[in-house]
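Each chain gets a letter, A, B and so on, in the order its sequence line appears, and its residues count up from 1. Because the structure is predicted, anything quoted here is derived from the model rather than measured. Keep in mind that the numbers below use all heavy atoms, side chains included, and drop hydrogens, waters and symmetry copies.
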Number of protein chains: 2
Amino acid sequence: MSPKAQPPGIAFRKHDHRRCQRQLLAEATQLCAERNLRLTSRRRQVLEILLASHQPMGAYDILAKLNRTAPNEQIAPPIVYRALEFLLGEGLIHRIESLNAFISCAHPGHRCGAQFLICRDCDQVAELEVSDNGLLAEAGSLGFAVDHSVVEITGVCAECQKHVG
Amino acid sequence: MSPKAQPPGIAFRKHDHRRCQRQLLAEATQLCAERNLRLTSRRRQVLEILLASHQPMGAYDILAKLNRTAPNEQIAPPIVYRALEFLLGEGLIHRIESLNAFISCAHPGHRCGAQFLICRDCDQVAELEVSDNGLLAEAGSLGFAVDHSVVEITGVCAECQKHVG
DNA sequence: TATGGTTACGTTATAATATAACACTATGTC
DNA sequence: GACATAGTGTTATATTATAACGTAACCATA
């Protein structure tokens with residue numbers, strides 16, 4: 001029953017981001033192919049914007065980026081929200097409820113619930129994947145059929161604690 | 001390490017609600033007295049509205065109720081949000097992030113993180129209080145200093161599973 | 001009980017987030 | 001090509017939340 005965790009979220013570690021980004025995009029492409037879904041250029045655009053950082057972004061931030069990229073067309077909110085909806089549905093991104101923001105998924109397609117550590121100092125978000133958090137078991141034992149779980153822990157990451165505040 | 005849970009949230013059980021409501025309001029009153037804080041009539045009003053049901057309510061629902069109660073005055077959003085902020089700060093209510101809604105706390109003043117089971121069929125919300133969900137320990141072991149945790153599990157409660165859909 | 005500091009409230013305006021509704025376009029199938 | 005369907009574009013609007021500033025209540029102390 002004791003939970004096992006992955007290493008800390010990628011956001012809190014240095015890594016070859018170019019490579020990481022390419023990798024995740026490739027996984028997304030393959031996953032959509034397998035599922036017979038269309039990763040259209042809009043959807044890819046939005047995913048790429050989220051992959052460009054491992055930071056959460058608000059829908060309107062994404063919108064602004066889209067509009068900055070293509071200043072001739074004027075993109076409106078529903079376009080972004082629809083792309084986000086698709087990506088969420090396929091487990092390619094997550095929504096961070098407590099930030100009203102979206103973030104690319106570190107383990108695309110797993111569809112199992114993720115957990116987030118949110119540093120309120122550096123605003124970085126780490127995605128964990130704890131296999132069993134006990135709570136889901138608890139829910140099950142109450143006869144509650146789980147659809148989706150939101151686990152978001154806010155605080156200060158180790159790095160920011162050093163540079164005090 | 002294995003989590004221990006309270007019985008399922010009060011919302012999923014029959015209970016003497018009048019009594020429960022009075023009890024929670026009394027606890028809130030005492031707690032504010034102890035902490036030397038003012039449970040003003042506005043704050044109490046908002047708390048009472050939330051205590052009237054164990055259901056989550058949006059800020060604007062609360063606002064509407066306030067305005068229905070006193071049709072002569074015209075109350076505006078900031079008044080509600082300020083009362084909510086106070087009540088949240090003292091652990092008298094919780095915010096359900098995934099619903100943008102607020103709910104009275106079943107264990108006022110504990111200040112430790114709560115967990116919620118949200119039935120998407122009957123819209124009831126049960127508050128659990130799992131002593132150790134493993135995740136907080138995990139966060140700790142990563143050197144992450146936890147401030148606040150959001151745990152919200154959406155699904156279908158046992159009752160609603162019977163009455164099928 | 002006047003005075004001043006602080007906390008809470010009231011009011012207006014507006015920001016930020018999200019969706020409804022409907023028209024148009026692209027894609028795949030026969 | 002004709003059709004069905006899925007995706008996109010566009011306009012308008014709903015929903016949730018806060019900034020900014022003035023007023024009132026509370027409360028300590030002189």
_Aromatic ring pairing A:His15/A:His54, orientation class (parallel under 30°, perpendicular over 60°, tilted between)_ =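 Correct class here is tilted.
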
*Classify the angle between the aromatic ring planes of A:Phe102 and A:Tyr81 as parallel (below 30°), tilted (30 to 60°) or perpendicular (above 60°).*
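The arrangement is perpendicular - the two ring planes meet at more than 60°.
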
*For B:Ser149 and B:Leu135, run side-chain contact (heavy atoms from CB on, under 4.5 Å): C-alpha distance rounded to whole Å, both residues' side-chain angles, the deciding distance at 0.1 Å, then the answer.*
CA-CA 10 Å; B:Ser149 80; B:Leu135 208 52; over 6 Å; no

Can you check the [X] [atom1] to [N] [atom2] distance for me, whole Å?
X: B:Leu39; N: C:dT7; atom1: CG; atom2: C1'; result: 15 Å
X: A:Tyr81; N: C:dT17; atom1: OH; atom2: P; result: 7 Å
X: B:Glu73; N: C:dC9; atom1: CD; atom2: C1'; result: 11 Å
X: B:Leu66; N: C:dC9; atom1: CG; atom2: C1'; result: 13 Å
X: B:Arg43; N: C:dG10; atom1: CZ; atom2: P; result: 11 Å
X: B:Ile79; N: C:dA13; atom1: CD1; atom2: C1'; result: 15 Å
X: B:Arg42; N: C:dG10; atom1: CZ; atom2: C1'; result: 9 Å

*With rounding to the nearest 0.5 Å, note down the distance linking CZ in A:Phe144 to SG in B:Cys160.*
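Here the interatomic distance stands at 9.0 Å.
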
*Verdict with supporting geometry, B:Arg18 and B:Gln21, side chain to side chain donor-acceptor pair (under 3.5 Å)*: CA-CA 5 Å; B:Arg18 292 285 282 252; B:Gln21 204 172 330; 5.9 Å; no

Closer than 3.5 angstrom, by distance alone: can the side chain of [X] be matched with the main-chain N or O of [Y] as a donor-acceptor pair?
X: A:His17; Y: A:Leu51; value: yes
X: B:Glu152; Y: B:Ile118; value: no
X: B:Gln161; Y: B:Val156; value: yes
X: A:Arg43; Y: A:Arg38; value: yes
X: A:Arg42; Y: A:Arg82; value: no

*Mind running a 4.0 Å heavy-atom check of residues 92-105 of chain A against DNA chain C and sending the residues that fall below it, in number order?*
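Of all residues in residues 92-105 of chain A, the ones placing a heavy atom under 4.0 Å from DNA chain C are A:Arg95, A:Asn100.
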
*Identify the 5'-most and 3'-most nucleotides of DNA chain D with at least one atom closer than 4.0 Å to a non-hydrogen atom of chain B.*
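Span of nucleotides near chain B: D:dT16 to D:dC26.
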
*In the 5'-to-3' direction, what one-character label does each nucleotide of nucleotides 21-30 of chain C receive under the scheme B = base within less than 4.0 Å of a protein heavy atom, S = sugar-phosphate only, - = no such atom?*
B-----S---

*Which comes earlier along DNA chain C counting from the 5' end, the contact point of B:Thr40 or that of B:Tyr60, where each point is its nearest nucleotide?*
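The residue mapped nearer the 5' terminus is B:Thr40.
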
_Looking at every heavy atom in both B:Ala59 and B:Leu84, which two are closest together, and how far apart are they?_
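That would be CB-CD1, 4.0 Å.
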
